[in-house]
Amino acid sequence: MPPLVYPPVRTSGDSVKHLRKRPLFDTSSKLFTKSLSIPSYFLPTSDYDNILSALNNCYATSTQDTHSRALKHYHIFCDERAIPSHLRFPAHEVILLAYAASHFGSLSGGTARHRINALKTFHDVHNLPWHGSNRLTKILKGVTFNTPISSTRPPRAPITTSMLKRLLNKLDLETPLDAAVAACACTAFWGQCRLGELLPSSSTSSPSGIPKREHLSRSASKRGNLHSYELLLPSTKTNRRGQTITILRQEHTSNPLPLLQNHLAVNNLPRSTTLFSYISSSHNTPTPLSKRRFLARCNNIWSTFGYPRITGHSFRIGGTSQLLASGIPPDVVKTMGRWSSDTFLRYWRHMDRIAPAQTPHPHTRHHRNRTPKHPPRSPHRR
């Protein structure tokens, strides 16, 4: 995994500093070296290497990238105000207040909070004292309350079963690409998967965190009927060691089980190939289905029906909402979707369908809670 980088910054005088991206854990950095120093004693080099490796693997690559951009923004803020280095790191409390308040009225509270969190991560890694205070918390709250409409994004639209049905009607399930797209779409939806857990970002990259054909196993009933699939996700956003999901049969056209079977039959993939690869007609070899190619194929079809462009997270949101609207208890949906906290509550869509499904009918509730005053008589009792 590449290290978290210390980004280049441009000063207000148009001179460029830190052109070379320096790793956050670079031992050549005086700030980092000082944080690992022990007076009159030196650990073996292997111990320092282990420290660097462990710190590096605390953060996903995507988190490292977003933190790098946030740190760059903080440095630009400091350069424009000619803030001396000893007030930047560790950041003085008033500097933190000014930086957070610089978002007031122009950017969202979420953006300000993310950038402050990235700055705190930098302090944690370098063992610097953090001067965040109750005043900083209140500043961030004030920024949130005054988020301009222009900085507020509408909630991401969820995928629906109607969209899946129309998608499947337009796909040619006998062709390798469309067979892979159909299986992936319905697996992501009913499995409440993040698209990045199933597909690489590009067809030329095949990260170790993407499931392969060998990670999919079937579970059949005693009669031999396909009951479910189990899919091992080698790495997820909340669990770097991987998690196993169960893909159940659904009473809908978008039932993922036959679509997975069809995909495996059409593409006939080797066990070491990424699960949603497809046989390229030009090379006659498996090509990993990328997120970009997948979303392009789906959006091209949905756009003909007037649907807005969707993102990869829309499948997870849609699957969660559909399961809740089907009457499955929220705690079960949370477990099935591997949600680590109650943040999944803010991704609920179609509350007009979810609320009735989660609210027992008064007559049903009364019937369940009612206990007979007298035990029923045995049919053999006289």
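Reckoned from all heavy atoms, side chains included, excluding hydrogens, waters and symmetry mates. Source: prediction; values computed, not measured. For this chain, numbers begin at 1 and follow the sequence in order.
Looking only at atom types and distance, the side chain of Asp79 has no donor-acceptor partner in the side chain of His75 under 3.5 Å away. In this model, no donor atom of one side chain and acceptor atom of the other lie less than 3.5 Å apart for Tyr74 and Arg88. Checking Tyr99 against Arg81 by side-chain atom types alone, no donor-acceptor pair falls below 3.5 Å.
Side-chain contact between Arg297 and Ile301: present, with at least one pair of heavy atoms (C-beta onward) separated by less than 4.5 Å. Side-chain contact between Leu107 and Val143 is absent, with no heavy-atom pair separated by less than 4.5 Å. Contact check for His73 versus Arg115: side-chain heavy atoms found under the 4.5 Å cut-off. No side-chain heavy atom of Ser201 sits less than 4.5 Å from a side-chain heavy atom of Ser290. No side-chain heavy atom of His126 sits under 4.5 Å from any side-chain heavy atom of Lys34. Considering only heavy atoms from C-beta on, Ser303 stays 4.5 Å or farther from Asn299 through its side chain. At a threshold of 4.5 Å between non-hydrogen side-chain atoms, the residues Ser108 and Thr144 do not count as touching. Using a 4.5 Å heavy-atom threshold, the side chains of Phe305 and Met163 count as separate.
Looking only at distances, no side-chain donor or acceptor of Thr273 sits under 3.5 Å from a matching main-chain atom of Leu269. For Asp47 (side chain) and Leu43 (main-chain N/O), no donor-acceptor pair under 3.5 Å exists by modelled atom type. Checking side-chain atoms of Ser314 against main-chain N and O of Ile310 turns up no donor-acceptor pair under 3.5 Å. Not one N or O on the side chain of Ser254 forms a donor-acceptor pair closer than 3.5 Å with the backbone of Cys186. Remark: side-chain polar atoms of Glu197 are paired, donor with acceptor, to backbone N or O of Arg194 under 3.5 angstrom.
Qualifying side chain to side chain contact (heavy atoms under 4.5 Å, CB included) partners for Lys138, counting only residues two or more places apart in sequence or in other chains: none. Partners of His114 under the side-chain hydrogen bond (donor to acceptor under 3.5 Å, both in side chains) rule, at least two apart in sequence or in another chain, do not exist in this structure. Glu230 meets the salt bridge (Lys or Arg N to Asp or Glu O under 4.0 Å) test with no other residue; sequence neighbours excluded. Under the rule for a salt bridge (Lys or Arg N to Asp or Glu O under 4.0 Å), the partners of Lys120 that lie at least two apart in sequence or sit in another chain are Asp124.
The structure places CG of Asn255 at 11.5 Å from CG of Leu164, a figure rounded to the nearest 0.5 Å. A distance of 5.5 Å separates SG of Cys193 from CG of Leu233, quoted to the nearest 0.5 Å. Distance CD1/Ile210 to OG/Ser277: 10.5 Å, rounded to 0.5 Å. Remark: His263 NE2 to Leu216 CG distance equals 8.5 Å, nearest 0.5 Å. We find the CG-CG distance between Leu231 and Leu260 to be 8.5 Å, quoted to the nearest 0.5 Å. Here the straight-line distance linking atom CZ of Phe189 with atom CG of Leu323 works out to 7.0 Å at 0.5 Å rounding.
Between Leu289 and Phe276, the shortest heavy-atom distance links the atoms CB-O, 2.8 Å. Considering every non-hydrogen atom in both Leu195 and Ala188, the closest pair reads CD1-CB, 4.3 Å. Nearest heavy atom pair, residue Ile139 against residue Ala101, reads CG2-N, 3.8 Å. A pairwise comparison of heavy atoms in Gln250 and Pro256 identifies CG-CD, 4.0 Å as the closest pair. Taking every heavy atom of both residues into account, Ile247 and Leu257 meet most closely at O-CD2, 3.4 Å. Between Pro176 and Asn267 the shortest heavy-atom distance is CB-OD1, 3.0 Å.
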Working note: His92 + Leu96, criterion side-chain contact (heavy atoms from CB on, under 4.5 Å); need CA distance, chi angles, decisive distance, verdict. CA-CA 6 Å; His92 191 280; Leu96 290 176; over 6 Å; no

Go through it in stages, so that I can follow the logic: the residues are Lys212 and Leu275, the test is side-chain contact (heavy atoms from CB on, under 4.5 Å), and I'd like the CA-CA distance, side-chain angles, deciding distance and then a yes or no. CA-CA 4 Å; Lys212 294 180 171 55; Leu275 177 59; 5.9 Å; no

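Leu177 is connected to Trp302 through a chain of hydrophobic side-chain contacts under 4.5 Å among Ile, Leu, Val, Met, Phe, Trp and Tyr, so both are in one cluster. Residues Phe77 and Val94 fall into different hydrophobic clusters, defined by Ile, Leu, Val, Met, Phe, Trp and Tyr side chains chained together at heavy-atom separations under 4.5 Å. Linking ILVMFWY residues whenever their side-chain heavy atoms come closer than 4.5 Å, directly or via other members, places Leu71 and Leu87 in the same cluster. Leu97 and Phe145 fall into different hydrophobic clusters, where Ile, Leu, Val, Met, Phe, Trp and Tyr side chains are chained together by heavy-atom contacts under 4.5 Å. In terms of hydrophobic clustering, with Ile, Leu, Val, Met, Phe, Trp and Tyr side chains grouped at heavy-atom distances under 4.5 Å, Tyr229 and Ile245 are assigned to a common cluster.
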For residues 168-175, run the donor-acceptor check on the side chains, cut-off 3.5 Å, and write out each pair with its distance to 0.1 Å, sequence neighbours left out.
from	atom 1	to	atom 2	distance (Å)
Asn169	ND2	Lys165	O	3.3
Asp172	OD1	Glu174	N	3.1
Thr175	OG1	Asp172	O	2.8

Side-chain donor-acceptor distances from residues 127-134 under 3.5 Å, at least two apart:
from	atom 1	to	atom 2	distance (Å)
Ser133	OG	Glu93	OE2	2.7
Ser133	OG	Arg135	N	3.4
Ser133	OG	Leu136	N	3.4

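Taking the centre of each ring, Phe122 and Phe89 come in below the 6.0 Å mark. Checked against a 6.0 Å centroid threshold, the rings of Phe294 and Phe315 count as neighbours.
Other residues, nucleotides and ligands contribute more than 12 heavy atoms inside 6.0 Å of the CZ atom of Arg213.
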